[in-house]
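Structure first, then comments.
Values below: every heavy atom of this structure, side chains too, minus hydrogens, waters and symmetry copies. Index from 1, following the sequence.
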Amino acid sequence: MLYVRTDSENGVTTFTPIKNNNVYIHCLKCNRMEQVVDLLDFVAELGEANLEAKTFDICHECFEEECRLEEEYLEKQKPGK
């Protein structure tokens, strides 16, 4: 089993097992915590993507909103618009 090591400010070290139901993303845009539903799929995506990609720093809802805004921007940039 895999564990996450956490060192608290008072010097206490704890180890927490990594499971499908205890992995979360902290959204840098809306500040919410979103649960990673399928840990194995998420890890596979990490392996295929640039690990610094901001899609891993925002929740699904904020990601969808950014995609929508990008699509709107690209539509406005097409010649003849």
What donor-acceptor contacts under 3.5 angstrom involve side-chain atoms of residues 24-32, with partners at least two apart or in another chain?
{"unit_1": "H26", "atom_1": "NE2", "unit_2": "N31", "atom_2": "OD1", "d": "2.6"}

Do any side-chain atoms of residues 34-44 form donor-acceptor pairs under 3.5 angstrom with protein atoms, and if so which ones, sequence neighbours left out?
{"unit_1": "E34", "atom_1": "OE1", "unit_2": "H60", "atom_2": "N", "d": "3.0"}
{"unit_1": "E34", "atom_1": "OE2", "unit_2": "H60", "atom_2": "N", "d": "3.2"}
{"unit_1": "Q35", "atom_1": "NE2", "unit_2": "N21", "atom_2": "O", "d": "3.2"}
{"unit_1": "D38", "atom_1": "OD1", "unit_2": "L40", "atom_2": "N", "d": "3.1"}
{"unit_1": "D38", "atom_1": "OD1", "unit_2": "D41", "atom_2": "N", "d": "3.2"}

Tell me every residue that passes side-chain contact (heavy atoms from CB on, under 4.5 Å) with C67, counting only those two or more places apart in sequence or in another chain.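 Once residues adjacent in sequence are excluded, the partners of C67 under the side-chain contact (heavy atoms from CB on, under 4.5 Å) criterion are F63.
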Just to verify, what does Y73 make a side-chain contact (heavy atoms from CB on, under 4.5 Å) with, not counting sequence neighbours?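 With neighbours one apart ignored, the set is Q77.
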Other hydrophobic cluster members with Y3, side-chain heavy atoms of Ile/Leu/Val/Met/Phe/Trp/Tyr under 4.5 Å, chained?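 Same cluster as Y3: M1, F15.
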Partner residues of T6 under the side chain to side chain donor-acceptor pair (under 3.5 Å) criterion, sequence neighbours left out: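 By the side chain to side chain donor-acceptor pair (under 3.5 Å) rule, T6 matches no residue at all.
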Residues which pass salt bridge (charged side-chain N to carboxylate O under 4.0 Å, His left out) with R5, listed by chain and number, not counting sequence neighbours: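 So R5 forms a salt bridge (charged side-chain N to carboxylate O under 4.0 Å, His left out) with D7.
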E72: which residues meet the salt bridge (charged side-chain N to carboxylate O under 4.0 Å, His left out) condition with it, sequence neighbours left out?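 Here the qualifying residues are R68.
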Could you walk me through whether L69 and E65 pass side chain to side chain contact (heavy atoms under 4.5 Å, CB included), step by step? CA-CA 6 Å; L69 292 173; E65 176 66 12; 3.8 Å; yes
